[in-house]
Amino acid sequence: MTAIIRQTRHALEERLRRTREQAGYAAILMALLVAGILFPIASFAVDVARWYVEGERVQAAADAAAMAGVTYLPADFSSASAEAVKVAGKNGYPNSGTSTVAVTQGVKPTQLQVTITSEVHNSIAASWGDDYTTISRTAVADYNGPAPMGSPCNTFGNEPLGTTTYGPSASQLSIPSGASCSSTPQFWGSV
C-alpha cells in the first residue's frame with residue numbers, strides 16, 4: 001500500500017513540476033494572438049471607419065452641388081455645371097487635387113447629375129502598400145418649374161363698365177400671354 005501511495009505522490013509531484021514549467025505559456029499565446037490578429041483587425045477598422053465618414057461627406061457635397069446647379073436647367077447647362085462645381089468646392093471638394101467633380105445632364109433635360117470622387121489617405125492600409133482609397137458618390141437633382149396656382153386672370157368678380165366721366169370705359173385687366181380672361185366672369189363676392 002505504501003508503494004501505491006509513493007507512486008501517486010511521485011505522479012502528483014511530477015504534474016506540479018510540469019505545470020510550474022508551463023506557467024506563462026497561456027500568456028505568451030495570448031500576446032501572440034493579440035499582436036498577430038486582434039491589433040491588425042482593430043487598426044484596419046480605423047481605415048474602414050474613415051472610408052464611411054468620407055463617403056457621407058462626399059454624398060452630402062454631391063447632393064448640395066446638384067441642388068444648387070439644377071436651378072439653371074433646362075435652359076443653361078454651362079451655368080448649372082459651373083454652379084455645381086463651385087458649390088462642391090465650397091463643401092471641401094474642389095475640382096482639383098485629390099478630388100474631381102463631374103457634372104452631366106441626367107436622363108431628362110431638367111436633371112443634373114453630379115459625381116464627386118475623392119482620394120482618401122489610408123493610415124493603416126498604407127503599411128502594406130495600399131496608400132489611397134477612392135470614394136465616389138453621385139447625386140441627381142430634377143428641376144420642376146413653378147406650378148401655376150389659381151387663375152392667370154387677376155380679377156375678382158365682374159368688372160363694371162365705366163364711362164368717360166366716371167371711370168375707365170375699357171377693360172383694365174392685364175391678360176397674360178396664352179390666357180383667355182373675361183371682364184365679366186360671373187363671379188360675385190359679398191362683404
Any donor-acceptor pair under 3.5 Å linking the side chain of Asn91 with the backbone of Val87?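 Yes: the side chain of Asn91 pairs with the backbone of Val87.
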Taking distance alone, no hydrogens or angles, what donor-acceptor pairs closer than 3.5 Å link side-chain atoms of residues 97-107 to residues at least two apart or in another chain?
| residue | atom | partner | partner atom | Å |
| --- | --- | --- | --- | --- |
| Ser99 | OG | Pro94 | O | 2.5 |
| Gln105 | NE2 | Pro109 | O | 2.9 |

Under the salt bridge (charged side-chain N to carboxylate O under 4.0 Å, His left out) definition, can you give me all pairs with a residue in residues 28-40, not counting sequence neighbours?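 For residues 28-40: none.
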So, Thr138 and Gln113: side-chain donor and acceptor under 3.5 Å apart, yes or no?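 Side chains of Thr138 and Gln113: no pair found under 3.5 Å.
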Indicate the atoms forming the closest heavy-atom contact of [X] with [Y], along with that distance.
{"X": "Ala80", "Y": "Leu112", "answer": "O-CD2, 4.1 Å"}
{"X": "Ala68", "Y": "Glu83", "answer": "O-CG, 3.7 Å"}
{"X": "Ile135", "Y": "Gly55", "answer": "CG2-CA, 3.6 Å"}

Counting C-beta onward and ignoring hydrogens, is there a side-chain heavy-atom pair between [X] and [Y] closer than 4.5 Å?
{"X": "Trp51", "Y": "Asn122", "value": "yes"}
{"X": "Thr117", "Y": "Thr134", "value": "yes"}
{"X": "Arg50", "Y": "Val120", "value": "yes"}

To the nearest 0.5 Å, how far apart are [atom1] in [X] and [atom2] in [Y]?
{"X": "Ile116", "Y": "Arg57", "atom1": "CD1", "atom2": "CZ", "result": "10.5 Å"}
{"X": "Lys86", "Y": "Ser81", "atom1": "NZ", "atom2": "OG", "result": "12.5 Å"}
{"X": "Glu54", "Y": "Glu119", "atom1": "CD", "atom2": "CD", "result": "11.0 Å"}
{"X": "Met67", "Y": "Tyr143", "atom1": "CE", "atom2": "OH", "result": "11.5 Å"}

Hydrophobic cluster membership, with links at side-chain heavy-atom distances under 4.5 Å among I/L/V/M/F/W/Y: are Phe77 and Val114 in one?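 In one cluster with Phe77: Val114, yes.
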Under the side-chain contact (heavy atoms from CB on, under 4.5 Å) test, residues paired with Thr71 that sit two or more places apart: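 With sequence neighbours excluded, Thr71 shows a side-chain contact (heavy atoms from CB on, under 4.5 Å) to no residue whatsoever.
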Residues two or more places apart in sequence or in another chain: which of them pass side-chain contact (heavy atoms from CB on, under 4.5 Å) with Ala139?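 Per chain and number, Ala139 pairs via side-chain contact (heavy atoms from CB on, under 4.5 Å) with Gln59, Ala62, Asp63, Ala66.
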Sequence-distant partners of Asp142, salt bridge (Lys or Arg N to Asp or Glu O under 4.0 Å), two or more places apart: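 Applying salt bridge (Lys or Arg N to Asp or Glu O under 4.0 Å) to Asp142 gives Lys108.
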Salt bridge (Lys or Arg N to Asp or Glu O under 4.0 Å) with Arg137: which residues, sequence neighbours excluded?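 So Arg137 forms no salt bridge (Lys or Arg N to Asp or Glu O under 4.0 Å) with any residue.
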